[in-house]
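A note on names: the letters A, B, ... follow the listed sequences, proteins ahead of strands, and every chain is numbered from 1.
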Amino acid sequence: MKMLPRLLASAALVAGLALPAAAQDDPFQVGFIYVGSPGDYGWTYEHDQGRLAVEEHFGDAVETVFLENVPEGADAERAITQMILGGADMIFTTSFGFGEATNAVAAQFPDVYFEHATGYMREHPNVSTYNARFYEGRAVLGHIAGHMTESNIIGYIGSYPIPEVIQGINSAFLHAREVNPDVEIRVVWTYTWFDPAVEADAAQALIDAGVDVLMQHTDSTAPQTVAQEAGIISFGQASDMIQFAPRPRVASIIDNWAPYYIRRVGEAMEGTWEQSDIWEGIDTGMVVIGEMTDAIPEDVRASAQAMIDAIAAGEYHPFTGPINRQDGSVWLADGEVADDGTLAGLNFYVEGITGEIPN
Amino acid sequence: MIIDPVTLIVALITVATPVLLAAIGELVVEKSGVLNLGVEGMMIMGAVCGFIVAHETGSVAMAFVAGMGGAMALALVFAVLTQVLMANQVASGLALTLFGLGLAALLGSGYSGLPVPVASRPFPEALQAIPVAGPILFSHSVLVYVAIALVGAVWFVLARTRAGLVIRAVGENHDAAHALGYKVVRIRFATILFGGACAGLGGAFLSVVRVQNWFDGMTAGAGWIALALVVFASWKAGRVLLGAWLFGGIAALQLRLQAAEVGVPVALLDASPYLVTIIVLVIISSDRRRAALNAPAALGRAFHAAS
């Protein structure tokens, strides 16, 4: 029942978007499929900033279209197809759940370029995937959280139990525990990327459970409002969420897609586009840590900055052994660094986290 | 770690309020024989109008009025379509939801993230500080109490007053009510507008009090839950309150069970309000007499005065 309004809404949007097929000399059309709305001031907002940067960079040579609130699943396939029939030459699908739909449509349109965010499926030569190493940013936030928590309980609002989110939880916990051996982490799964009311409820549930530092891996700013009321601290997610600074938002993890979008659109226009699997982090600026406010003690800001610099320089990997799995078995030996394949399929918590990942 | 029942109850009352408001309005609408599936659209209009006015005027009371007004404007469109132009109620209601979602997105663009005043709480700090009873009874914002009072008022009007009898008569058999001289269309206009006001109030509560922000599509299906709730409550006001608290309670409880690291199947708990609704539907429709007793007989049927 919850899907219905979104389904219908997107159907209506798609109908409105069905433009006549583009003629030869038209500008290069780039389509974006959003899971939420650019007005979320989080995940989709940053993708839309990337889209605007593409428009700005290429001017009249490029035209962009976007479709918001597209449900993950079969309906996305129709939305993407409509966009291509409307003249799109390149499609960015900006949520994990669009993977199957993206590949299914890519099979039918071999001349269209597809870019799927946070995905892993590249079943056709015209599909690339791209992702950011969010766990690098989470390590820095975890470091700050470990220093700043007084109740020693960190709250984490998870969306879906997929590797990308589990990486973030593990990374945040490991680096909080590193500076604070008593710290615990509590995770609440919302099973949605974007539902302000549920996100706010989840934040309240965590606060009622004694959490005094809140992290989120969902898209809206609703948890920030709840954190503000409760007087605890929080971190901006996906976007800077600077409107909640200096408290509750004491720092943030920003996804900066603009450089990648400009690069890939340029390659597609020149015909040099090749299938790739991009996973970039703090080093290339795809992951940015937003301004750390005065609410964080100066020495913590300094040590967090040192960690950012070390990750950017390639000197430090957030998953460096010794790290044990939750069941106590060895995952990474002393000095060993997690390989990308394991991280991309990460489906277990590290030792010290007491919750269970739901199936 | 165990779950604190006090904070759970406080949370469930807050969670339940938007849905409760929308459902109690829709109950009256359906009691008069009209099925308005546009609750979601009216709620989101209430949310956006309430938020805009809260930001522009700095007055929470004005925001609630605006939320009601915005949703009532949409309800008026529905009333004209279905009562004057005799359009199909199901189709019109669905169209209303789509229209409301789109219009709200248009009106609200640029308003996300802007500040709104904080809704006052009517009871003094001293009362809120009473252990157990303080947070449960006295810690809420005004609209929570309004919503509960409204349930009582709707029950009283429908069950105990002449006006309620007329509304029910129109909903059970509009031809007979018409023959008795009651203005069926006029009465239905009034109930549809009342339903719109309630849905708008629920939406405004969501954006102005609970989330304190505006996002596209922020009602996220609350209107549909409200519709399910009316059926779940088998068109009885008191049961709407119970149902709303039950639904809200499940939502609040499952998050707390997770926070307490109690191993529960989250997906199952999340789906449980819908499962319960289906079970209730099966039960009430399995007995024809009971179904006939509860569902308004003229529900969803167009009324032609000439016939």
State, yes or no, whether a side-chain contact exists between B/Val211 and A/Thr225 at a heavy-atom distance under 4.5 Å. no

Contact class of A/Ile157 relative to chain B, heavy atoms under 4.5 angstrom: neither

Looking only at heavy atoms, which two atoms of B/Ala259 and A/Ala205 are closest? And how far apart? CB-O, 4.1 Å

Side-chain touch A/Leu206/B/Arg256, heavy atoms, less than 4.5 angstrom: no

At their closest point, which heavy atom of B/Leu255 faces which heavy atom of A/Ala202, and how far apart are they? CD1-N, 3.5 Å

Under 4.5 Å from any heavy atom of chain B - which part of A/Glu229: side chain

For A/Tyr45, the ring pair (Phe, Tyr, Trp, His ring centres under 6.0 Å) test, sequence neighbours excluded, returns A/Tyr41

Interatomic distance, A/Tyr191 atom OH to B/Gln254 atom CD [nearest 0.5 angstrom]: 9.0 Å

Side-chain contact test, heavy atoms from C-beta onward, threshold under 4.5 Å: evaluate it for B/Asp4 versus A/Asp208 and give yes or no. no

Hey, are the side chains of A/Val187 and B/Gln258 touching, using non-hydrogen atoms and a 4.5 Å cut-off? no

Residue from A/Gly36, A/Gly155, A/Pro196, A/Pro358 scoring the most non-hydrogen pairs under 4.5 Å with chain B is A/Pro196

Check for a donor-acceptor pair, side chain of B/Glu261 on one end and backbone N or O of A/Glu356 on the other, with a separation under 3.5 Å. no

Just so I know, are the side chains of A/Thr221 and B/Phe215 near enough to count as touching, which here means a heavy-atom distance under 4.5 Å? yes

Go through B/Thr7, B/Leu8, B/Leu253 and name the one with the most non-hydrogen pairs under 4.5 angstrom from chain A. B/Thr7

Just jot down the side-chain contact (heavy atoms from CB on, under 4.5 Å) partners of B/Ile250, sequence neighbours excluded, or say none. B/Leu246, B/Leu269, B/Ser272, B/Pro273

In terms of heavy-atom contacts, does OH of A/Tyr160 have more than 12 from other residues, nucleotides or ligands at under 6.0 Å? yes

To the closest 0.5 Å, what do you measure between CG (B/Asn213) and CD (A/Gln243)? 7.5 Å

Rounded to the nearest 0.5 Å, how far apart are OH of A/Tyr34 and CG of B/Asp216? 13.0 Å

